[in-house]
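Predicted model, so just to flag it, every value in this text is computed and none were measured. Each chain gets a letter, A, B and so on, in the order its sequence line appears, and its residues count up from 1.
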There are 2 protein chains.
Amino acid sequence: MGIFSKTCEYALRAVFFISQKTSEGGRVSIKDIAIGIDSPEHFLAKILQDLSKRGLVQSAKGPNGGFFVDETTLKRPVAEIVEAVDGNGIFVGCALGLKECSEKDPCPLHNQFKTIRDEIHSLLRTTNIGNFNEELILGINSLKR
Amino acid sequence: MGIFSKTCEYALRAVFFISQKTSEGGRVSIKDIAIGIDSPEHFLAKILQDLSKRGLVQSAKGPNGGFFVDETTLKRPVAEIVEAVDGNGIFVGCALGLKECSEKDPCPLHNQFKTIRDEIHSLLRTTNIGNFNEELILGINSLKR
DNA sequence: TGATATTAATACCTTTTTATCCTTTTTACA
DNA sequence: TGTAAAAAGGATAAAAAGGTATTAATATCA
Ligand code: FES
Ligand code: FES
């Protein structure tokens with residue numbers, strides 16, 4: 001497994017995909033998202049359902065419905081998706097799973113790990129959901145394979 | 001969940017603990033390790049069994065038996081434990097779970113993520129199992145709570 | 001208006017992976 | 001050679017991942 005859970009990987013890919021399609025001017029169905037990011041369709045549906053409840057994507061039922069992201073959502077940081085799905089463990093948790101990461105009672109890896117962990121947090125807080133639309137449209141970035 | 005699996009967290013804490021005890025001159029039983037790192041005893045047994053097979057810790061059965069690490073093991077990098085338990089996904093895998101991370105067909109997070117991922121890899125390759133014995137003996141570093 | 005097709009939402013089930021507990025085998029030593 | 005200490009191995013439980021089926025909402029058209 002990578003650094004995120006599979007659920008979170010799908011969530012990120014899906015949101016980037018929806019964001020791109022929205023910026024190209026259209027809604028997109030679960031089916032198309034699943035194809036576009038190469039993920040199991042019904043599992044993805046459940047993930048999007050959850051993100052939708054949290055307002056991290058928008059949805060509309062019925063013909064011509066589908067998922068999209070509004071202006072404000074485009075500006076929200078990617079970290080919010082990760083936090084919604086995997087929690088904030090990756091941002092604040094101890095590398096060795098101690099109850100809490102602390103300067104007072106640090107694990108062996110603490111000093112070096114904290115730096116890296118903060119970089120991850122910073123990266124995901126400073127990039128927002130709509131950041132990659134251009135690159136995706138141009139095909140510079142990929143969301144499948 | 002943190003950056004490593006729970007199994008991996010226990011494995012790392014256990015190996016550090018065994019390493020410390022060895023350097024203090026003694027073998028240590030699963031029971032004592034479980035107490036020392038605050039982990040479920042029988043789950044830990046399973047993990048150590050596996051690490052033992054791979055030669056990442058040494059063991060002796062029977063009375064006065066227990067776990068210990070030999071000289072060469074002390075010098076092996078921490079990365080080997082992580083790789084044995086969680087695989088190398090965290091070192092080489094794509095952040096968004098694409099089949100493979102590539103410069104040719106990068107995901108949106110690739111450029112910035114690769115740097116961080118390499119730092120993690122580097123950190124774990126350059127620190128070895130015995131590195132923290134002193135700090136642990138002195139109580140500067142902690143393996144429980 | 002009412003039927004219909006389209007689409008997301010919900011509920012439930014199966015498989016796989018991860019985490020935990022219980023039993024057997026080995027071994028030093030009295 | 002019996003016994004207790006200890007690791008190794010096997011069985012079980014819980015959680016994550018993935019799949020199936022049904023329901024609810026809604027735009028469109030006859
Ligand atoms: S205490 Fe372990 S990372 Fe801070
Ligand atoms: S392609 Fe995703 S991290 Fe390299």
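The side-chain heavy atoms of B/Val82 and B/Leu12, taken from C-beta on, include a pair separated by under 4.5 Å.
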Spell out protein contact along nucleotides 9-18 of chain D as letters: B when the base is contacted, S when just the sugar-phosphate is, - when no protein heavy atom is under 4.0 Å; keep the 5' to 3' order. BBB-----SB
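Here the range on DNA chain C touched by chain B, meaning any atom under 4.0 Å from one of its heavy atoms, is C/dA19 to C/dC29.
Each of B/Lys61 and A/Asn64 lies near DNA chain C, and the nucleotide nearest A/Asn64 is the one positioned closer to the 5' end.
A donor-acceptor contact closer than 3.5 angstrom links the side chains of B/Thr73 and B/Asp70.
The pair A/Arg54-A/Glu80 does not count as a salt bridge, with every side-chain nitrogen at least 4.0 angstrom from each carboxylate oxygen. Salt bridge status for B/Lys99 with A/Asp38: present, with a side-chain N to carboxylate O gap under 4.0 Å.
By the ring pair (Phe, Tyr, Trp, His ring centres under 6.0 Å) test, B/Phe4 is found to be paired with no residue, residues two or more places apart in sequence or in another chain being considered. Applying the ring pair (Phe, Tyr, Trp, His ring centres under 6.0 Å) criterion to A/Phe132, with sequence neighbours excluded, gives A/Phe16. In this structure, A/His42 has no ring pair (Phe, Tyr, Trp, His ring centres under 6.0 Å) partners at least two apart in sequence or on a different chain.
In this structure, the side chain of A/Arg117 engages the main chain of A/Gly93 through a donor-acceptor pair within 3.5 Å. Side-chain N or O atoms of B/Asn131 include one that pairs as donor or acceptor with a backbone N or O of B/Asn128 at under 3.5 Å.
Across residues 15-32 of chain A, not one residue has a non-hydrogen atom less than 4.0 Å from an atom of DNA chain D.
Within a 6.0 Å sphere centred on CD of A/Glu24, other residues, nucleotides and ligands contribute more than 12 heavy atoms.
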